[in-house]
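Notes for the one structure printed next.
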Amino acid sequence: MEVIIRPTADAAAELTAQIIKKTVATRPNLVLGLATGGTMETVYDKLAREHKENNLDFSLTRTFNLDEYIGLPPEDKNSYRYYMNKNLFSRINIDLRNTHLPNGMAENYTAESEKYEQLIKDNGGIDLQLLGIGRSGHIGFNEPLSALQSRTREKALTPVTYEQNSIYFVPPESMPKRAFTMGIGTILDARRIVLLATGEAKAEIISKAVEGPVTSMISASALQLHPKTTVIVDEAASKNLKEKEYYRWLFDNEPEWEEYKG
Ligand code: F6R
C-alpha cells in the first residue's frame, strides 16, 4: 500500500482522475471498477471533461460498480445505476451495454451475486478498481465483520452508513437497509486499486485503515494485503496519519509520480 497526500480535495480528485485517464488511454478495453458517493462526483466531473475537451475514449471500456441498493429500480434517483448514468456514463462515449451494476430488483440474492461474480470473471477480472471509504470503514458496502475473503453478496447496512447516506433520500427513512456489494475478496482480486478519501470526517477512519492492524472490523484495512493499492487523501483526511513525512517524501521522490506533477 502507498499513501499520497495532496493539498486539497480537488487536487486529490485530480490525481485520481489522471490515474484513470492514463490507464484508459493506454488500455482501451480496460475493465474498470467504479464507486459511487459524494467523493467520486468530482472525479467523474474531471473524467467527463477529459472526454469532452481531450477526446478521452471510453468506447471499449467495460465497467463494474461495487454495489447497488436492494429494492431500488434503475430509474430511482437514489439507485447507483441512476447515479452512474447521471454523473458519468451519459457524459462520455461509453457503450451502456458494457456498464454493469448488480440488479437491485433481483429477487434471488444468491443467484444475482453469483451472476455478478461470473460476469467479472468472464470479462477477465478488474484491472483498476476505484474505491471510496465509508465512516464505518467500509469499502463497497462491506460493513464491519465482513469476511476478508467475502465475494459479492447482499449485506445489511450499519447505522453509521445509514446516517451517512440517508441524507440523499426523501424522506431519509426511505433508504434501503440492504445492498448488494462486491466482497472484500472480489475487490482484492483487482490488479490495481485506488482509494480516494477527502475531508476531515474521514481522517480517523483513514488512519485506522492505513496504519492500524488488518481487521474485519475495518474492511478497508484489508487493502494492506493487496500488492498494488494507492490511497489518495487530501490534507484534511491525512490529519491523523503518523507517517505523513514519509508519504510526502514518496510522492516527491518516486519516479512513478513524476508524470503526475505540474
Ligand atoms: C459506494 C461505495 C461506498 C462509498 C463510501 C464513501 O459505491 O462503494 O463505499 O465509497 O460510502 O461515500 P462518500 O464518498 O459519499 O463519503
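Throughout, numbering of the chain's residues begins at 1 and tracks the sequence. Indexing begins at 1, ligand by ligand and atom by atom, following the structure's order.
Annotation: atom 9 (O) of ligand 1 to nearest protein heavy atom, G140 O, 2.8 Å. When hydrogens are left out, the protein atom nearest atom 2 (C) of ligand 1 is D67 OD2, 3.4 Å; that is the closest non-hydrogen contact. The protein atom (non-hydrogen) at minimum distance from atom 6 (C) of ligand 1 is I133 O, 3.3 Å. Protein heavy atom nearest atom 11 (O) of ligand 1, with residue, atom name and distance: H138 NE2, 2.7 Å. Considering only non-hydrogen protein atoms, atom 12 (O) of ligand 1 sits nearest to Q164 NE2, 3.5 Å. Counting protein heavy atoms only, atom 10 (O) of ligand 1 is closest to G132 CA, 3.3 Å. Among protein heavy atoms, the minimum distance from atom 1 (C) of ligand 1 is reached at T36 OG1, 3.0 Å.
The minimum heavy-atom distance linking S150 with S146 is given by the pair OG-CB, 4.5 Å.
Looking only at side-chain heavy atoms (C-beta outward), H138 and L66 stay at 4.5 Å or farther from each other. The closest side-chain heavy-atom distance from V24 to F58 is below 4.5 Å.
Using a 4.0 Å cut-off to heavy atoms of G37, the atoms of ligand 1 that qualify are 14 (O), 15 (O). Within the listing of ligand 1, atoms 8 (O) sit less than 4.0 angstrom from a heavy atom of L66.
Checking only distances, G38 does come within under 3.5 Å of ligand 1, N or O to N or O. An N or O contact shorter than 3.5 Å links T39 to ligand 1 by distance.
No more than 12 heavy atoms of other residues, nucleotides or ligands shown are found within 6.0 angstrom of NZ on K239.
Residue R135 places every heavy atom at 4.0 Å or more from ligand 1. Between K202 and ligand 1 there is a heavy-atom distance shorter than 4.0 Å.
Not a single ring pair (Phe, Tyr, Trp, His ring centres under 6.0 Å) links Y83 to another residue, sequence neighbours left out. With sequence neighbours left out, Y246 forms a ring pair (Phe, Tyr, Trp, His ring centres under 6.0 Å) with no residue at all.
Ring pair W257/F251 is tilted by interplanar angle, where 30° to 60° counts as tilted.
Contacts between T181 and ligand 1, counted as non-hydrogen atom pairs separated by less than 4.0 Å, are absent for every part of the residue.
A cation-pi geometry, defined here as NZ or CZ lying under 6.0 Å from the six-membered ring centre and within 45° of its normal, does not hold between K77 and Y168. Y260 carries K22 over the face of its six-membered ring, with the cationic atom under 6.0 Å from the centre and within 45° of the normal.
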